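Below is one structure; the comments refer to it alone.
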There are 2 protein chains.
Amino acid sequence: MEGKTAEISKAAFLRFPAYLRYLKAEEAAGVGYVSSSEIAEDMHLSAVCVRKDLALVASEPGKPRLGFAVGKLIGDLERALGYHLKTHACVVGAGRLGRAFLVYDGFEHYGIDVVAAFDISPAQVGALRGKPIYPMERLKEIAERENVRLGILTVPGEAAQQACDAMVEAGITAILSFAPAYVRVPEGVTLRCEDLAASLASLSAETEKSGA
Amino acid sequence: MEGKTAEISKAAFLRFPAYLRYLKAEEAAGVGYVSSSEIAEDMHLSAVCVRKDLALVASEPGKPRLGFAVGKLIGDLERALGYHLKTHACVVGAGRLGRAFLVYDGFEHYGIDVVAAFDISPAQVGALRGKPIYPMERLKEIAERENVRLGILTVPGEAAQQACDAMVEAGITAILSFAPAYVRVPEGVTLRCEDLAASLASLSAETEKSGA
DNA sequence: TGTAAATCGATAAAAAAATATCGATTCGAG
DNA sequence: CTCGAATCGATATTTTTTTATCGATTTACA
């Protein structure tokens, strides 16, 4: 019997990052309090939905007539999302996309530290803005040494399965794949596929539907 | 009262790309028929869910004891996802991520043609593998000329709103944003935010939860 | 050719999520 | 100080999505 750590629904969890972005924009604009109806209108959600979501994470109740303290909410959301934990990640596949991840400086706010990239081509080996790019052979060695748990897979589709296997072998337990291919992972390894092309295509299809 | 164009649930629609990836892998392996239970096991879904999803798109029913014809299903899914339609897209923000999108050759399978990129910095202007990179001033002109409907937003967070406004002004009606910022769009414009860092962070959090 | 095994598709039930309603609370203006 | 407007949070309802069950069909094999 856990005290108050209620069950956070999967759908709500997916909305949290959007709240966070919105609240940070409000904070930057100097807003101190926001009401749930205000959030709802700006974010195109129902006010009830917002209230329910915030009730899941808010450390203190909202004040009638005022709303929620923006700064407080941001902290609560970040904690709920686990951004306060520090995690080491690596990139496998140092192409354009992979290198973009390697040097992207937005991860630190999320508790993620991308420590290195790996590539099968010797031509890519080196470094970028101080972040090293190693040959694939060293994946296991470096991953174990740096305690890397997270892997970002950005290789061409035909190389995806092999690269993925190497990551699993190196002890990586969570993989975010951008490779346009179906890959198989063993039990105990979490895999999420972000098919950017498919995402874009579905967005396009959606627009067609509602537009014309 | 529409004939047979049944309502495709939103959740099912999101699963379609994954089916597609899986089926293409099977096809490449020379498999002619797959049963829904086989798909379910490989993809970690329930067999009933798979059958319901496939029933929404399949142009011909599955055969008992055999399953569905792989090639046929692939075609059906692609049609349902709108990949047969041709759409022009552009990239706004020609940094590393933006350039990765510009030259990514996987979009053509999805009916998307990325025709150009735009950047505010004159240093980025030029071309990459035959794809032009224009200055932001020419966005509207080019977008209208090329009939661009889709925009991929890959600028730093602080430039996102301004760039987004320019895209809307240029007649773009669907925007896929990778900028880590909250942006506001007018009615009639579809916006989807892909917060890569948040996605990675949530994956990490998920693993923590189930792992330890 | 006949039998058995396994699949499909449809109907029904369960679970989850979104939405609606209502009283209690409290801030701000008069 | 009092009144009114607006918000919160909780309960209830509706909708959506997932999961379960069952008979019909068909292929493979003896």
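These numbers come from a predicted model, not from an experiment.
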Margin query: Walk along nucleotides 14-26 of chain D from 5' to 3' and tag each nucleotide B, S or - by protein heavy-atom contact under 4.0 Å, base first, then sugar-phosphate.
Written below: ---SBBB----BS
Margin query: Categorize A:Y33 for me: base, sugar-phosphate, or nothing, with a 4.0 angstrom heavy-atom threshold over every strand shown.
Written below: nothing
Rounded to whole Å, please give me the gap between [atom1] in [X] and [atom2] in [N].
X	N	atom1	atom2	result
A:M43	C:dA18	CE	P	13 Å
B:L54	C:dT7	CG	P	14 Å
A:I39	D:dG9	CD1	P	11 Å
A:H44	C:dT19	NE2	P	14 Å
B:L66	D:dT27	CG	P	6 Å
B:E38	C:dA6	CD	C1'	12 Å
B:F68	D:dT27	CZ	C1'	16 Å

Item checked: Minimum-distance pair of heavy atoms, taken over all atoms of B:D53 and B:A12 -> OD1-CB, 3.4 Å
Next item on the list: Establish, with yes or no, whether the OP1 or OP2 oxygen of C:dC8 is under 4.0 angstrom from a side-chain nitrogen or oxygen of B:S36.
Entry: yes
Next item on the list: Report the residues that fulfil salt bridge (charged side-chain N to carboxylate O under 4.0 Å, His left out) with A:R65, sequence neighbours left out, ordered by chain and then residue number.
Entry: none
Note to self: Taking side chain to side chain donor-acceptor pair (under 3.5 Å) as the cut-off, I'd like each qualifying pair that reaches into residues 105-118 of chain A, sequence neighbours left out, listed once.
What the structure shows: A:Y110-B:D195
Check: What pairs meet the ring pair (Phe, Tyr, Trp, His ring centres under 6.0 Å) rule with one or both residues in residues 164-183 of chain A, with sequence neighbours excluded?
Finding: A:F101-A:F178, A:Y182-B:Y22
Next item on the list: With sequence neighbours excluded, give me every ring pair (Phe, Tyr, Trp, His ring centres under 6.0 Å) pair touching residues 28-77 of chain B.
Entry: none
Checklist line | By side chain to side chain donor-acceptor pair (under 3.5 Å) - contacts of A:T173 (at least two apart) | finding: none
